[in-house]
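Counting starts at 1 for both ligands and their atoms, following the listed order. A quick note: this is a predicted structure, and the numbers were derived from the prediction, not measured.
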Amino acid sequence: MEGVVDHTMRQMLTKLGGIDRCVTEFIRVTNTRLPNKVFLRYCPELNNGGLTEAGVPVYVQLLGGNPEMMAINALQAAKLGAPGIDINFGCPAKLVNKNDGGSVILKQPNRVYDIISAVRNATPHSTPITAKIRLGFEDRSLLHEICQAVFEANTSELTIHARTKVDGYKPPAYWDAISDIRERSPIPIIANGEIWSIQDYQSCIKQSQCTDIMLGRGILACPDLAMQIKAFEYDRSHQKLGPQGILELLAQFSEITEAAYENRYVGNRVKQWLGYLRRQYPLASELFEDVKRLTFAEDISEQIQRYQSRMVSPVSLIS
Ligand SMILES: Cc1cc2nc3c(=O)[nH]c(=O)nc-3n(C[C@H](O)[C@H](O)[C@H](O)COP(=O)(O)O)c2cc1C
């Protein structure tokens, strides 16, 4: 997720377990071959065989409307060791769409085919090429045509965000609209959109008929959601993350972020995560209020520590 799930967030979340694969933020492809440093900036995991520290593969995501340039850049990512390439046909941002990238391409299914097949043909067969779409741009009238284009281009897997571009991020997600596609698809279909809890997960797989799902904002609000889902699926026990666990994660995140970015960016990143966490954790709302005017890493860490010391129970203080 652009501006949110970078390598530091992937490191944090994959350590908690339950995640089988990550995708980078989208890398915008225009009319140049991007220098290696760009791929490495978006996906430093390429220096680690394309895996997070916890060993989870990270696919490099490309966005653009020029098949030839997409192919050239996909090959470069593959050469750098990307475990897979994901192509973004879902981004709704005005500026991105105006520059011929993301969901606007869904208006022309033949272009979806041209882009994916150019990328597929340019990259080694061992590199999976996956795609992510929405149900359509304005409406769902082209959904079957779009999916047919995806299948004919030899895509390995397709993720469907169960909303149109016009729906934006507004609930609900129309999981049932995926089931038709799933039924006739020759490739795995991954359902996405509005999965915030185990209950949402259950409804989503039931309505979409998919066995695999992609989590977006849900895992930022509830960092062990993937683990909760796996525990539920495999009938394993799992102790849900409590407020103390969340504070520990935030302290680690602040530290990792400080090592990766300039000090003055740490505050925004922690605040941004708190913005998602407060949906599930009242403590995150409280902490957000206390850090919202802070910028620097050390000030933020101090507040997190203050909350951590407040959480220590009287029993452990005297034991
Ligand atoms: C801030 C933000 C950034 C996003 N960036 C990307 C992106 O770079 N690539 C992508 O495929 N989807 C991106 N998405 C879409 C999510 O991957 C996901 O499809 C969408 O949020 C629906 O899932 P959710 O309801 O679980 O969040 C982004 C969404 C948000 C809110």
Top protein contact for atom 29 (C) of ligand 1, by heavy-atom distance | Y169 OH, 3.4 Å
Heavy-atom contacts with R163 under 4.0 Å: which atoms of ligand 1 show up? List them by number with element.
-> 22 (C), 25 (O)
Does G90 reach ligand 1, in the sense of a heavy atom lying below 4.0 Å from it?
-> no
No-hydrogen, no-angle side-chain donor-acceptor test under 3.5 Å, Y261 and D6 | yes
Here the atoms of ligand 1 under 4.0 Å from any heavy atom belonging to N88 are 9 (N), 10 (C), 11 (O)
Residue selection (non-hydrogen contact nearest atom 9 (N) of ligand 1) among K132, Q61, R28 = Q61
Ring pair (Phe, Tyr, Trp, His ring centres under 6.0 Å) contacts touching residues 266-298 (sequence neighbours left out) | F253-W273
Which heavy atom of the protein is the closest neighbour of atom 26 (O) of ligand 1, given with residue, atom name and distance?
-> G216 N, 3.1 Å
Establish, from distance only, whether the side-chain atoms of T164 and D139 form a donor-acceptor pair under 3.5 Å.
-> no
W196-I190 co-clustered via ILVMFWY side chain contacts under 4.5 Å | no
Transitively linked via ILVMFWY side-chain contacts under 4.5 Å: I187 with Y59?
-> no
Nearest protein heavy atom with distance in Å, relative to atom 18 (C) of ligand 1 | N192 OD1, 3.4 Å
Classify the side-chain pair E53/N48 by whether it contains a donor and acceptor separated by less than 3.5 Å.
-> no
Before signing off on this row, confirm whether F26 and ligand 1 have an N or O atom pair separated by under 3.5 Å.
-> yes
E2 and ligand 1 - part of the residue with a heavy-atom distance under 4.0 Å | both
Would you tell me whether D290 and Y307 have side-chain atoms, one donor and one acceptor, within less than 3.5 Å of each other?
-> yes
Best match, Q272, M1, E25, R217: closest heavy atom to atom 6 (C) of ligand 1 = M1
From the options R134, M214, E194, H161, select the one whose nearest heavy atom is closest to atom 24 (P) of ligand 1.
-> E194
Can I get a per-line list of side-chain donor-acceptor pairs under 3.5 Å for residues 233-241, giving both atom names and the distance, sequence neighbours left out?
| from | atom 1 | to | atom 2 | distance (Å) |
| --- | --- | --- | --- | --- |
| E233 | OE2 | Y201 | OH | 2.4 |
| H238 | NE2 | D224 | OD2 | 2.8 |

